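Residue numbers start from 1 in every chain, and the chains themselves are labelled A, B, ... in the order their sequence lines are given, proteins ahead of strands. What you see is a predicted model; the values in this text were computed from it and never measured.
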2 protein chains.
Amino acid sequence: MNLADALHSRGLRATSQRLVIHDALVGLDRHVTAEQVRGAVAGRLPGVSLPTVYATLDLLEELGLVRRLRAGGGAVLYDPRPEPHQHAACRVCGTVEDLDAPVDASGALRVAEQTGFRPDGADTVVSGVCARCAH
Amino acid sequence: MNLADALHSRGLRATSQRLVIHDALVGLDRHVTAEQVRGAVAGRLPGVSLPTVYATLDLLEELGLVRRLRAGGGAVLYDPRPEPHQHAACRVCGTVEDLDAPVDASGALRVAEQTGFRPDGADTVVSGVCARCAH
DNA sequence: CTTTTTGCAAATGATTTGCATTAAC
DNA sequence: GTTAATGCAAATCATTTGCAAAAAG
């Protein structure tokens with residue numbers, strides 16, 4: 001199901017802002033800030049407002065098409081990969097890289113459930129210093 | 001080594017603000033915001049400023065005595081447990097609970113190292129809905 | 001035509017900064 | 001006595017909100 005249909009089936013409208021922002025995110029294939037999203041779509045959507053970018057990113061997150069994550073410095077980044085994967089966050093420059101590695105979080109999920117918590121999933125973030133900053 | 005000595009060995013001063021804030025954090029034994037830290041020490045440190053609380057929390061984090069973590073809503077919390085442990089974050093009310101569960105992140109650490117990344121450690125956050133919000 | 005979504009401008013709120021004063025050493 | 005650390009006030013900056021105008025259906 002494409003984005004337009006997903007929106008319609010929820011009674012939401014397929015505006016050009018939503019379609020273009022989603023398309024740009026998928027095309028970028030890296031972690032970006034809301035500002036960078038605006039920069040990336042500025043050509044196709046002249047005059048997009050930052051509030052609209054934020055609202056759209058929120059919506060895409062609810063639809064499960066984008067994941068929000070927080071870098072070391074407190075920056076909020078948006079990740080266009082919906083499949084589960086891990087992250088490596090550099091505490092010097094703040095970049096967040098994808099990490100395709102198996103992490104068995106089932107133990108954590110089980111312990112959480114035992115306390116009455118209803119888990120959706122688990123994210124593992126490796127913190128440290130990236131190759132570029134590690135001199 | 002206590003905090004005063006740790007500070008002195010770095011050429012830093014053992015001010016009452018630093019000692020009391022650290023003591024209060026350890027005594028609280030839960031995740032708190034900077035505001036809550038100020039509330040907790042208000043009795044012993046009348047007139048502590050928020051900038052000082054922030055500066056002290058930064059310092060304690062550098063010393064490895066406190067860990068900074070981000071709850072679902074973007075709130076920043078400080079965790080007085082330096083030992084590795086996991087977290088369960090409720091996406092409804094934003095609370096973050098400790099989770100004592102084994103998570104094998106060694107695979108992620110190894111993959112990160114292969115890319116030149118120098119890892120300090122790995123954090124796993126289980127997201128979902130806590131028992132109180134799960135009706 | 002009706003309702004949602006947008007863009008704008010202004011508000012918010014946590015965190016940071018500059019600087020004079022105070023406290024450690 | 002020196003220097004680092006504090007408190008205060010103001011600045012910053014990402015994000016959110018209110019509302020009239022525009023676009024989707």
For this session: Name all residues meeting the salt bridge (charged side-chain N to carboxylate O under 4.0 Å, His left out) criterion together with R67(B); count only those two or more places apart in sequence or in a different chain, and write none if there are none.
Result: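 Salt bridge (charged side-chain N to carboxylate O under 4.0 Å, His left out) check on R67(B) returns D123(B).
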Separation of [X] atom [atom1] from [N] atom [atom2], in whole Å?
X      : N       : atom1 : atom2 : result
L50(A) : dT5(C)  : CG    : C1'   : 16 Å
R70(A) : dA14(C) : CZ    : P     : 16 Å
D58(A) : dA14(D) : CG    : P     : 17 Å
R68(A) : dA14(D) : CZ    : P     : 16 Å
L45(A) : dA22(D) : CG    : C1'   : 15 Å

Exercise. Which residue pairs pass the side-chain hydrogen bond (donor to acceptor under 3.5 Å, both in side chains) test when at least one of the two sits in residues 8-23 of chain A, sequence neighbours left out?
Worked result: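 For residues 8-23 of chain A: D23(A)-R44(A).
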Problem set entry | Of residues 5-38 of chain A, the positions that come close to DNA chain C - non-hydrogen atoms, cut-off under 4.0 Å |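 By residue number: L12(A), R13(A), T15(A), Q17(A), R18(A).
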Problem set entry | T52(B) side chain near dG7(D) phosphate (N/O to OP1/OP2, under 4.0 Å) |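 The answer is yes; a side-chain N or O of T52(B) sits under 4.0 Å from OP1 or OP2.
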Exercise. Would you say the side-chain atoms of H31(A) and D79(A) include a donor-acceptor pair closer than 3.5 Å?
Worked result: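 Per modelled atom types, H31(A) and D79(A) side chains form a pair under 3.5 Å.
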Exercise. Between D98(B) and H85(B), is any side-chain donor less than 3.5 angstrom from a side-chain acceptor?
Worked result: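 There is such a pair between these side chains.
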Problem set entry | Closest-nucleotide ordering on DNA chain C, the 5'-leading residue of P51(B) and S49(A) |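 Mapping each residue to its closest nucleotide by heavy atoms, the 5'-most match is S49(A).
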Problem set entry | Test item: V96(A) and R70(A) side chains (from C-beta on) under 4.5 Å apart, heavy atoms |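 A side-chain contact is absent here, since even the closest heavy-atom pair is not under 4.5 Å.
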For this session: Go through the steps for V66(B) and R68(B) under the test side-chain contact (heavy atoms from CB on, under 4.5 Å), then give the verdict.
Result: CA-CA 7 Å; V66(B) 162; R68(B) 188 185 315 192; over 6 Å; no
